[in-house]
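This report refers to the structure that appears directly beneath it.
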Amino acid sequence: MYGPGHRGVDLAAPAGAPVRAVAAGRVTFAGRVAGRGVVSVGLAGTDLRTTYEPVRPSVRTGDAVAAGAVVGTVEAAGSHCSAVCVHWGLLRGGTYLNPLALLPPWLLARGPSRLLPVTP
């Protein structure tokens, strides 16, 4: 879900799963914020930055990463979902954007995504 009050999307993933950079760039932050592991990557050739949390970083601030490179692993602690998930964000400066805009249109045209469990 992306919208006011929820600045990103939640991607279901088990604890310990690898978290991969969506695009090539440079790590702008890798550490803890409010008890949660966070990785931020400035995307090469753009003014965009992606964020991933809660993640145990395997990279350091300043590291260059390729698209698909592992930047850390999913942490169970700190997840705000009912099940473990990765919160994926996208920013331009201080403005949050919909990170799904980074995905190719053909992937999004397959129908609605289910990013969180639907409970009755």
Side-chain angles (χ1 to χ4, degrees):
M1 163 199 289
Y2 173 82
H6 192 266
R7 297 175 174 145
V9 295
D10 295 326
L11 306 171
V19 176
R20 298 179 184 276
V22 70
R26 188 159 304 276
V27 177
T28 59
F29 181 83
R32 301 202 75 74
V33 174
R36 292 184 182 147
V38 177
V39 174
S40 294
V41 177
L43 304 186
T46 74
D47 59 351
L48 300 173
R49 179 170 37 105
T50 56
T51 60
Y52 310 88
E53 68 172 280
V55 173
R56 175 170 291 128
S58 60
V59 293
R60 294 181 185 200
T61 300
D63 286 353
V65 295
V70 175
V71 296
T73 56
V74 178
E75 292 182 322
S79 179
H80 62 263
C81 302
S82 57
V84 179
C85 70
V86 173
H87 183 81
W88 176 36
L90 175 66
L91 295 101
R92 174 175 284 127
T95 302
Y96 284 88
L97 306 170
N98 183 351
L100 295 177
L102 293 176
L103 300 178
W106 63 264
L107 184 62
L108 296 175
R110 300 178 124 185
S113 297
R114 298 279 186 224
L115 301 174
L116 290 174
V118 177
T119 56

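Being a predicted model, the structure only gives us computed values, none of them experimental.
Nearest heavy-atom pair across T61 and A30 is OG1-N, 3.3 Å. The minimum heavy-atom distance between V22 and A67, with the atom names listed, is O-CB, 4.3 Å. For the pair A15 and A76, the tightest heavy-atom approach, listed with the atom from each and the gap, is CB-CB, 3.9 Å. Closest non-hydrogen pair, A21 versus A66, comes out as CB-O, 3.8 Å. Taking each heavy atom of C85 and P54 in turn, the nearest pair found is O-CD, 3.5 Å. Contact between V74 and V19 at its shortest, heavy atoms only, is CG2-CG2, 3.6 Å.
Rounded to the nearest 0.5 Å, atoms CZ (R92) and OG1 (T95) are 8.5 Å apart. Atom CG of D47 is separated from atom CG of L91 by 10.5 Å, given to the nearest 0.5 angstrom. Atom CG of L90 is separated from atom CG of L48 by 5.0 Å, given to the nearest 0.5 angstrom. Between R36 atom CZ and R56 atom CZ the span is 15.0 Å, to the nearest 0.5 Å. Here CD of E53 is found 10.5 Å from CZ of R32. Values are rounded to the nearest 0.5 Å. Considering CG of L43 and OG1 of T28, their distance stands at 9.5 Å, rounded to 0.5 Å.
Hydrophobic clustering (side-chain heavy atoms under 4.5 Å, transitive across Ile, Leu, Val, Met, Phe, Trp, Tyr) keeps L97 apart from V38. A continuous path of ILVMFWY side-chain contacts below 4.5 Å connects V86 to L100, so both sit in one hydrophobic cluster.
You'll find the side chain of F29 stays beyond 4.5 Å of the side chain of T51, heavy atoms only.
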